[in-house]
Amino acid sequence: MIIFAAREAAPDRHLVELIPSQMAALCVFVGLTDRLRVPPADGLAEQIRAASCDHGINRWRLYLTQEQMESVAYGLWLHRMTGRLLVSPACC
């Protein structure tokens with residue numbers, strides 16, 4: 001489940017919290033950029049690499065633009081539709 005919270009950091013960014021399996025799926029999505037018809041939004045890979053993990057609640061925290069949040073939703077949908085057959089690269 002994606003949890004959207006109040007705006008933080010830059011005014012155009014929103015806090016997005018992901019469970020570890022969602023973060024792993026996004027790593028796969030970003031890792032396949034060159035093979036996708038619809039690539040991840042600009043800057044999403046950098047935001048994934050810059051994400052921090054809150055071990056107390058077991059959530060990854062990212063600050064994303066609206067376009068990046070839509071790309072995350074697409075990446076998670078794509079992951080679900082592929083049957084989770086792909087293995088996550090070591091980016092996370």
Side-chain angles (χ1 to χ4, degrees):
M1 170 162 71
I2 299 176
I3 302 169
F4 297 99
R7 292 181 183 208
E8 293 188 25
D12 67 332
R13 304 247 174 206
H14 300 270
L15 172 64
V16 176
E17 294 180 341
L18 303 172
I19 61 174
S21 62
Q22 290 171 322
M23 189 65 162
L26 285 185
C27 288
V28 171
F29 178 56
V30 168
L32 295 174
T33 297
D34 295 336
R35 300 174 62 192
L36 297 170
R37 279 191 193 169
V38 179
D42 289 341
L44 182 58
E46 291 79 12
Q47 291 301 317
I48 289 172
R49 284 191 285 275
S52 63
C53 186
D54 183 334
H55 295 287
I57 60 171
N58 198 28
R59 298 286 188 273
W60 284 93
R61 302 179 76 164
L62 301 93
Y63 292 93
L64 305 177
T65 64
Q66 182 65 37
E67 181 183 11
Q68 291 168 340
M69 288 190 300
E70 291 168 8
S71 189
V72 165
Y74 174 70
L76 293 175
W77 173 83
L78 192 61
H79 181 71
R80 186 173 185 183
M81 293 297 107
T82 61
R84 298 175 175 90
L85 297 175
L86 302 173
V87 177
S88 174
C91 77
C92 299

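- In terms of hydrophobic clustering, with Ile, Leu, Val, Met, Phe, Trp and Tyr side chains grouped at heavy-atom distances under 4.5 Å, V30 and M81 are assigned to a common cluster.
- Take E67 and apply the salt bridge (Lys or Arg N to Asp or Glu O under 4.0 Å) test, not counting sequence neighbours, and it matches no residue.
- Contact detail for P40 and S71: the closest heavy-atom pair is CA-OG, 3.3 Å.
- Residues passing the side chain to side chain contact (heavy atoms under 4.5 Å, CB included) test with N58, sequence neighbours excluded: P20.
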Task: Trace of the side-chain contact (heavy atoms from CB on, under 4.5 Å) decision for L78 with L32 - done: CA-CA 12 Å; L78 192 61; L32 295 174; over 6 Å; no
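- With sequence neighbours left out, the side-chain hydrogen bond (donor to acceptor under 3.5 Å, both in side chains) criterion links E46 to no other residue.
- Between V72 and L62 the shortest side-chain heavy-atom distance does not fall below 4.5 Å.
- To the nearest 0.5 angstrom, L64 atom CG is 11.0 Å from E70 atom CD.
- Looking at every heavy atom in both residues, L76 comes nearest to Q22 through CD2-O, 3.7 Å.
- Interatomic distance, NE2 of H14 versus CE of M69, reported as 4.0 Å (0.5 Å rounding).
- Summarising the geometry, atom CG belonging to D54 is positioned 9.5 Å from atom CZ belonging to R59; distances are rounded to the nearest 0.5 Å.
- Looking at every heavy atom in both residues, Y74 comes nearest to V38 through CE2-O, 3.7 Å.
- Among pairs with a residue in residues 29-44, none fulfils salt bridge (Lys or Arg N to Asp or Glu O under 4.0 Å), at least two apart in sequence or across chains.
- Counting only heavy atoms from C-beta outward, the side chains of W60 and L26 never approach each other to under 4.5 Å.
- Between atom CD1 of residue I57 and atom CD1 of residue I19 there is a gap of 12.0 Å, rounded to the nearest 0.5 Å.
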